[in-house]
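Comments concern the structure below.
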4 protein chains.
Amino acid sequence: MTALPPRTRNRLAKERRILDSALKVFADQGYSGTSMDAIAALAGVSKPTLYQYFGSKEQLFGAIMAEQRDTMLGAFEEPDGLGLVPELWAFSWHYAGTVLRPEFLSLARLIIGEAQRFPEIGRAYQAAGPERMLAGMMDYLMARKAEGRLTFDDAEMAAEDLWGLVLSAPRNRALHDPENLPSRADLNRFITNGLRVFLKAYSTDPATDLAQLQALSEQGPAQGTP
Amino acid sequence: MTALPPRTRNRLAKERRILDSALKVFADQGYSGTSMDAIAALAGVSKPTLYQYFGSKEQLFGAIMAEQRDTMLGAFEEPDGLGLVPELWAFSWHYAGTVLRPEFLSLARLIIGEAQRFPEIGRAYQAAGPERMLAGMMDYLMARKAEGRLTFDDAEMAAEDLWGLVLSAPRNRALHDPENLPSRADLNRFITNGLRVFLKAYSTDPATDLAQLQALSEQGPAQGTP
Amino acid sequence: MTALPPRTRNRLAKERRILDSALKVFADQGYSGTSMDAIAALAGVSKPTLYQYFGSKEQLFGAIMAEQRDTMLGAFEEPDGLGLVPELWAFSWHYAGTVLRPEFLSLARLIIGEAQRFPEIGRAYQAAGPERMLAGMMDYLMARKAEGRLTFDDAEMAAEDLWGLVLSAPRNRALHDPENLPSRADLNRFITNGLRVFLKAYSTDPATDLAQLQALSEQGPAQGTP
Amino acid sequence: MTALPPRTRNRLAKERRILDSALKVFADQGYSGTSMDAIAALAGVSKPTLYQYFGSKEQLFGAIMAEQRDTMLGAFEEPDGLGLVPELWAFSWHYAGTVLRPEFLSLARLIIGEAQRFPEIGRAYQAAGPERMLAGMMDYLMARKAEGRLTFDDAEMAAEDLWGLVLSAPRNRALHDPENLPSRADLNRFITNGLRVFLKAYSTDPATDLAQLQALSEQGPAQGTP
DNA sequence: TATGAATGAGCATTCATTCAT
DNA sequence: CATGAATGAATGCTCATTCAT
């Protein structure tokens with residue numbers, strides 16, 4: 001990583017300020033509700049600068065979406081060898097901490113709200129976020145199946161089940177009601193219950209696993225999660 | 001219900017045309033993207049009439065949302081005594097047929113997209129739709145528990161699980177990608193799998209229930225569902 | 001011609017004010033140099049009203065040009081039986097009084113200046129103005145030929161010659177130099193000279209005709225011409 | 001003319017590129033329709049360079065016009081001793097080939113279109129082009145008069161007549177309708193006819209001259225004319 | 001000297017809203 | 001009661017011009 005010429009550094013900094021401001025305003029007001037003036041004001045640049053950097057409102061919107069999509073890549077990380085139940089537990093909390101963050105929810109609302117006008121963006125986001133996550137989860141679950149810890153026929157469905165059991169309910173609520181994010185206790189309830197059902201359906205040793213889950217649930221969230 | 005004077009009938013008809021047109025345009029273009037001109041044109045009335053009937057764009061939006069919320073009430077119907085598994089099966093297909101209808105999805109996208117600007121609306125919709133449905137489902141599940149057909153501790157969680165297992169995945173995809181609605185075969189896969197997991201976790205007689213589910217799955221969707 | 005409803009009368013009056021103002025501003029500033037604000041201000045209406053009446057700048061421009069084109073129709077009038085030379089004399093002065101009027105010149109400059117961007121308009125104006133005039137003149141000249149007063153082979157060329165001899169020089173100067181319109185005396189010189197050459201070339205009795213022309217020239221312009 | 005230092009050569013080359021590009025764009029889009037960006041892009045220089053070289057849009061426009069005016073000087077060349085009729089014939093074709101060239105017409109449209117906003121330019125162009133040409137022609141005609149080949153009182157009028165008879169019609173058409181330039185055959189008709197009228201009016205030996213003209217007309221355009 | 005980057009002011013156009021009829 | 005007509009205030013975007021480098 002070599003030093004950039006000052007021009008370039010300045011340009012990049014301004015580009016960053018514009019992108020950040022635009023994301024904020026778009027997420028807040030929607031595409032049509034957002035004015036280029038508002039973005040320029042928040043970024044502290046003039047309107048022509050906006051246009052010099054991004055060409056048009058639609059292109060600026062596209063640039064943000066592309067960036068957010070890229071940012072989302074690699075969200076799934078292989079867990080760290082704690083054993084099945086702690087891994088699922090950690091994963092659930094980690095993912096909840098990502099997916100229920102206010103900015104993440106705002107972005108999701110924006111994308112959903114504009115999906116009719118910008119279908120490619122909704123599709124691209126789907127491919128870069130949820131589908132990637134799903135693929136990672138499938139790999140993980142198949143590895144556990146190979147070890148004899150889980151049993152299922154259709155790995156994709158198993159991965160979907162995990163997500164649907166653990167996070168769909170709080171996320172749906174949060175999407176509709178931005179001001180009432182689930183509390184830590186709420187999440188504990190959703191996650192514990194979701195994993196319980198998952199393990200009942202898929203574990204090769206449900207009794208042990210459920211006991212371990214119960215213990216984790218009583219300790220509270222995994223460390224390092226919001 | 002007595003006959004209305006013609007003036008009133010006329011007024012009601014016009015009100016209806018306005019509401020229908022407005023819903024269509026709002027769902028299509030979002031709140032900010034919708035112009036009162038577009039609504040007036042589609043409804044075939046003049047703009048001042050719009051304002052006479054509904055006061056302002058925001059109030060018109062509110063009126064539509066209130067109406068849609070009311071329309072949604074009672075979406076849950078007690079099933080008809082076919083027994084647990086066919087009832088869950090029928091319910092899943094019926095609900096999928098509601099929730100994945102394009103107009104319903106458009107409305108949901110609209111509400112989610114505007115949830116930041118109109119938080120009461122998102123909240124109200126949540127209370128009138130999903131929560132009501134959830135309550136109905138809880139009652140149903142508790143009745144089955146009382147009959148000894150199901151076993152669980154937390155009825156709310158069980159109801160959430162059913163929804164999360166059966167419909168959250170296709171609905172989420174459809175929200176992001178309006179042009180790729182799930183096919184009948186896709187739905188069959190999601191519903192069959194979701195109910196299988198649900199029964200594994202909650203049925204008091206899983207072996208019998210899963211066999212019955214398998215039979216239904218091979219027959220295809222319940223009759224009368226889209 | 002029946003009385004119009006007041007709405008319509010009002011509308012027509014406003015339309016007229018807009019067209020007049022727009023013609024003035026366009027002729028003054030050219031198409032690109034004209035702002036809708038300037039037109040609206042001069043017409044005393046708001047900008048949206050402009051758009052309600054004429055849709056867009058380009059359409060407003062087109063409307064003006066169409067109207068001016070129609071106005072120009074019938075500019076050629078059969079002279080009134082004074083005999084060949086007085087008729088040509090009267091016609092020349094009448095036509096000079098039309099074609100060298102400042103507004104007419106401004107319009108011509110506008111059309112010529114925008115001919116590259118609006119080729120149909122230049123063409124349409126050509127067809128409605130000069131070509132129509134030419135056709136009228138051809139008819140007139142052919143009638144005089146039939147009477148034995150003139151002699152020529154190509155009536156179109158004869159008509160072009162008349163125009164080219166009498167008015168092309170002052171008009172060309174005026175097009176380039178709006179502030180120096182030819183004086184009455186200048187015109188007298190151009191017209192007298194042009195008709196003299198025309199008669200030398202085409203008259204069957206040049207001696208008599210030239211004498212008559214000389215007399216007219218000494219009396220000054222035909223009555224009723226500017 | 002000594003070698004210039006490279007800096008200066010570079011500067012001159014750049015100046016030239018700017019002037020050429022600007023002329024093209026101005027002629028195409030008119031003064032108001034032309035953006036400094038467009039000129040800079042076509043010239044391959046940056047906008048500040050434009051301003052450094054020419055100060056402002058208006059000054060750049062003035063510089064182009066001054067240059068074009070100078071370019072036009074000396075357009076009239078003494079003919080080469082072929083005798084009256086061939087000389088007039090050659091002159092007419094040569095002048096038609098200049099005045100009806102597309103770039104020349106574009107420039108004329110530009111000047112006429114902007115004559116109201118830039119009156120000095122129209123006036124200057126008039127003085128440098130047409131009037132100079134006219135003066136040359138007057139000298140030529142007076143020389144022929146001195147030789148007894150022509151007869152007239154007012155040399156200026158005779159010169160105007162020649163122009164008005166031969167070229168005003170095709171030029172006027174071309175000014176209004178840029179896409180329909182007159183064909184070679186059209187020009188032959190205009191020129192032959194115009195010279196015929198001129199000779200009838202001014203020649204001291206019309207019979208001989210008209211016969212010679214007829215022969216030239218049947219041979220077609222003078223050599224070396226477009 | 002030449003330029004990438006920046007901007008205040010202006011452009012055509014559209015919006016939610018309100019009179020006058 | 002309903003509407004044609006009107007408008008102040010934006011909106012997305014572009015322009016001639018000028019810094020900072």
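Lettering follows sequence order; numbering is per chain, from 1.
For A/K47, the side-chain atoms get nearest to F/dC13 when compared with the rest of E/dT18, F/dC13, F/dA2. Considering only side-chain atoms of C/K14, the nucleotide from F/dA2, F/dA5, F/dG12 that sits closest is F/dA5. The side chain of C/Q52 lies closest to F/dA6, out of E/dG4, F/dC13, F/dA6. For B/T49, counting side-chain heavy atoms from C-beta on, the closest listed nucleotide (E/dA12, F/dT3, F/dA9) is F/dT3.
Between the side chain of D/K57 and the base of F/dT17, no donor-acceptor pair under 3.5 Å is found.
The distance from atom CE of D/M36 to atom P of E/dT3 is 14 Å, rounded to the nearest whole Å. Rounded to whole Å, the distance from CZ on A/F61 to C1' on F/dG12 is 16 Å. Rounded to whole Å, the distance from CZ on A/F54 to C1' on F/dG12 is 17 Å. Rounded to whole angstrom, the span from the OH atom of D/Y51 across to the P atom of E/dT1 amounts to 19 Å. Here the C1' atom of nucleotide E/dG10 and the CD atom of C/Q29 are 14 Å apart, to the nearest Å. In this structure, CZ of C/R17 is placed 12 Å from C1' of F/dA6, rounded to the nearest angstrom. As a whole-Å value, the separation of A/L50 CG from E/dG8 P is 13 Å. Look at CG on B/L60: it is 15 Å from C1' on E/dC15, rounded to the nearest Å.
Around CD of B/E120, the count of heavy atoms belonging to other residues, nucleotides or ligands within 6.0 Å exceeds 12. Applying the 6.0 Å contact sphere to CD of B/E67 captures more than 12 heavy atoms from other residues, nucleotides or ligands.
Between A/R123 and B/E179 there is a salt bridge, with a side-chain nitrogen of the basic residue lying less than 4.0 Å from a carboxylate oxygen of the acidic one.
Across the interface with DNA chain F, nearest-nucleotide mapping of D/D37 and C/G44 shows C/G44 to be the residue nearer the 5′ end. Map B/S56 and C/G33 each onto its nearest nucleotide of DNA chain E; the residue landing nearer the 5' end is C/G33. When each of C/V45 and A/Y31 is assigned the nucleotide of DNA chain F with its nearest heavy atom, C/V45 is the one assigned upstream, toward the 5' end. Each of C/S35 and A/P48 was matched to the nucleotide of DNA chain E holding its nearest heavy atom; the match closer to the 5' end belongs to A/P48.
Backbone-only engagement by A/T34 is indicated by non-hydrogen atom pairs under 4.0 Å involving sugar-phosphate atoms exclusively. Heavy atoms of A/Y53 sit under 4.0 angstrom from primed sugar atoms or phosphate atoms, though from no base atom.
Cation-pi geometry between A/R11 and A/Y53 is met: the NZ or CZ atom falls under 6.0 Å from the ring centre, inside 45° of the normal. Judged by the 6.0 Å distance and 45° axis criteria, D/K57 is positioned over the aromatic ring of D/Y31.
Between C/R11 and F/dA5 there is a side-chain polar atom (N or O) within less than 4.0 angstrom of OP1 or OP2.
With a cut-off of 3.5 Å on both Watson-Crick or G-U wobble distances, the partner of E/dA2 is given as F/dT21.
Between D/F104 and D/Y125, the ring planes lie tilted relative to each other; the angle falls in the 30° to 60° range.
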